[in-house]
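Take a look at the structure set out below.
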Protein chains: 2
Amino acid sequence: MDGTESGWTVVIADDHPLVRDAMRHALMQSLNDVQVVDASSLDEAKAAVDRLGAVDLVILDLNMPGMDGFTGLAAMRAAHPLVPVAMVSATNDETVMRRAIEFGAAGFIPKSAPLETIAEAIGQILDGQVWLPIPRNAPSSGTGTSRQDIASRLGELTPQQLKVLSMMSQGLLNKQIAFELGVGEATVKAHVTAILKKLGVHSRTQAVISARLLDFKTVD
Amino acid sequence: MDGTESGWTVVIADDHPLVRDAMRHALMQSLNDVQVVDASSLDEAKAAVDRLGAVDLVILDLNMPGMDGFTGLAAMRAAHPLVPVAMVSATNDETVMRRAIEFGAAGFIPKSAPLETIAEAIGQILDGQVWLPIPRNAPSSGTGTSRQDIASRLGELTPQQLKVLSMMSQGLLNKQIAFELGVGEATVKAHVTAILKKLGVHSRTQAVISARLLDFKTVD
DNA sequence: GGCCATCCCCTACTTAGGTCTAAGGCCTAT
DNA sequence: ATAGGCCTTAGACCTAAGTAGGGGATGGCC
């Protein structure tokens, strides 16, 4: 990896032929002497590395048959600890990127990145460095609202609150909910406030969006 | 696709430069005289079609800034009813594909398809046919009518109103929407009122529910 | 030109949504 | 008996949401 010795060998593992093709073009454009090997599943990728022996980089799609999230990355690392792996995915989620590094990836390349950035990233990784599209220490902020997160928050709701949330997500007004449940509007408002707090959002609309993300169905 | 009259013009709208690039290669490989125009967002795509006038095909990614699932497709169809649209996405979900056709797409191309299949699909679509990777019958049942209904109502919205609705369905407040668009909050409220009227609902929450019925996010 | 329709933007107003504080009744566990 | 959780309500208060109506710019149409 000093640049004088050229002739890189790179394995591209992605189940989308389209993406493999594009990645190959990007590689051949930025490196002058590179051999590219295709793989459309994790097993194929591992077999390719076994066969070739000296591989300089494996480009792994995060969502691919056999990957199962990061378990595929871990498997690849276990089988070939010396071969650097660059993860590729459509996500921009910082926590995902960081976790990829924790699992031994040498870099994370979002598909949304411009071609030059991708080329630069691959160059740095081939050079032995770690590449991330974000600063390495950023606070990761607070918007980590994954499904599981929401699901666990929903579990904290009391039965009555669940009913109210269900009606909210059908588009009912507080007044209508109060009538349906046979209680006062003030009560409904109290429930709504509690729901918003537990879900960690700040408006009725956001609560409804969260609920519908889980295909939250009517209780009635 | 008769080969005698050549000179196609195709707009590729995808936020991933990698995919655009690959698609361009696929196009140039299977068609001999084709002009390809890039767009990285729905707005850019619409602007490109406006500018070029005679466009033979728009290739639209389902997951892209401004798309909001099928909302973007509906908007594009409303703005340019005569231009065929080919949807592209990483999903293989049949219901999603069929729904794309219901909303006026001329075809649905899964990214996981081999390059030859993609080329063949585009050829057929340019030839005026509808292309799907699956048989056309199977009724898909369900809420087809109401979806259709919503789609046609969405088509009546002005561009600005679509933007506002999109932001509403992300849980933004009127104030935030106003800031993002660089207008006054009162303006946003006026748009919201118009949206509610056109969608036939009576509250922001109901509008968001309707909009999200057309919203299909995949992780790909 | 004048006309009409549409869209976008705005001010001023009314209503719905949401917070805060405080409090009573019900049930269950300690 | 006491404590704690849940459901309930009330009133005051503030902010967000939605309505009504008008002004200005554009573009097609007679």
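A, B, ... follow the sequence lines: proteins, then strands. Residue 1 opens every chain.
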Enter the distance from B:Phe70:CZ to B:Leu60:CG here, rounded to the nearest 0.5 Å.
11.5 Å
Take atom CG of A:Leu165 and atom P of C:dG18, then tell me their distance rounded to the nearest Å.
12 Å
Using whole Å, what does the distance between atom P of nucleotide C:dG18 and atom CD of A:Gln206 come to?
10 Å
Do any of residues 181-193 of chain B sit with a heavy atom less than 4.0 Å from DNA chain D, and if so which?
B:Lys189, B:Val192, B:Thr193
Measure CG/A:Leu162 against P/D:dC6 and give the value in whole Å, please.
12 Å
Whole Å only: how far is the CG atom of A:Leu173 from the P atom of D:dA16?
19 Å
What is the separation between atom CZ on B:Phe179 and atom P on D:dA16, rounded to the nearest whole Å?
15 Å
side-chain N/O A:Gln161 vs D:dC6 OP1/OP2, d < 4.0 Å:
no
Tell me: CG of A:Leu196 to P of C:dA16, nearest whole Å?
18 Å
Check: B:Arg77 side chain, B:Pro84 main-chain N or O, donor-acceptor pair, under 3.5 Å:
no
Could you state the interatomic distance from CD1 (A:Ile101) to CE (A:Met87), rounded to the nearest 0.5 Å?
9.5 Å
Taken to the nearest whole Å, NZ/B:Lys175 to C1'/C:dG17 is 14 Å
Rounded to whole Å, how long is the line connecting atom CD of B:Gln176 with atom P of D:dT15?
16 Å
Stepwise, does the side chain to side chain contact (heavy atoms under 4.5 Å, CB included) test hold for A:Ile109 with A:Met23?
CA-CA 11 Å; A:Ile109 303 174; A:Met23 198 66 87; 5.6 Å; no
Calculate, to the nearest 0.5 Å, the distance between atoms CD1 and NE2 belonging to A:Ile118 and B:His16 respectively.
9.5 Å
Tell me whether the OP1 or OP2 atom of C:dG17 has a side-chain N or O from A:Asn174 closer than 4.0 Å.
yes
Which residue is it: B:Val58, B:Leu57, B:Val83, B:Asp56? I am looking for the one with a side chain to side chain contact (heavy atoms under 4.5 Å, CB included) to B:Thr9.
B:Asp56
Along DNA chain C (nearest heavy atom to each residue), the more 5'-positioned of B:Pro159 and A:Thr205:
B:Pro159
Indicate whether OP1 or OP2 belonging to D:dC7 is found under 4.0 Å from a side-chain N or O atom of A:Thr158.
yes
Please report the closest heavy-atom contact between B:Ser40 and B:Met64, naming both atoms and the distance.
O-CG, 4.1 Å
OP1 or OP2 of D:dA16 sitting under 4.0 Å from any side-chain N/O of B:Arg204?
no
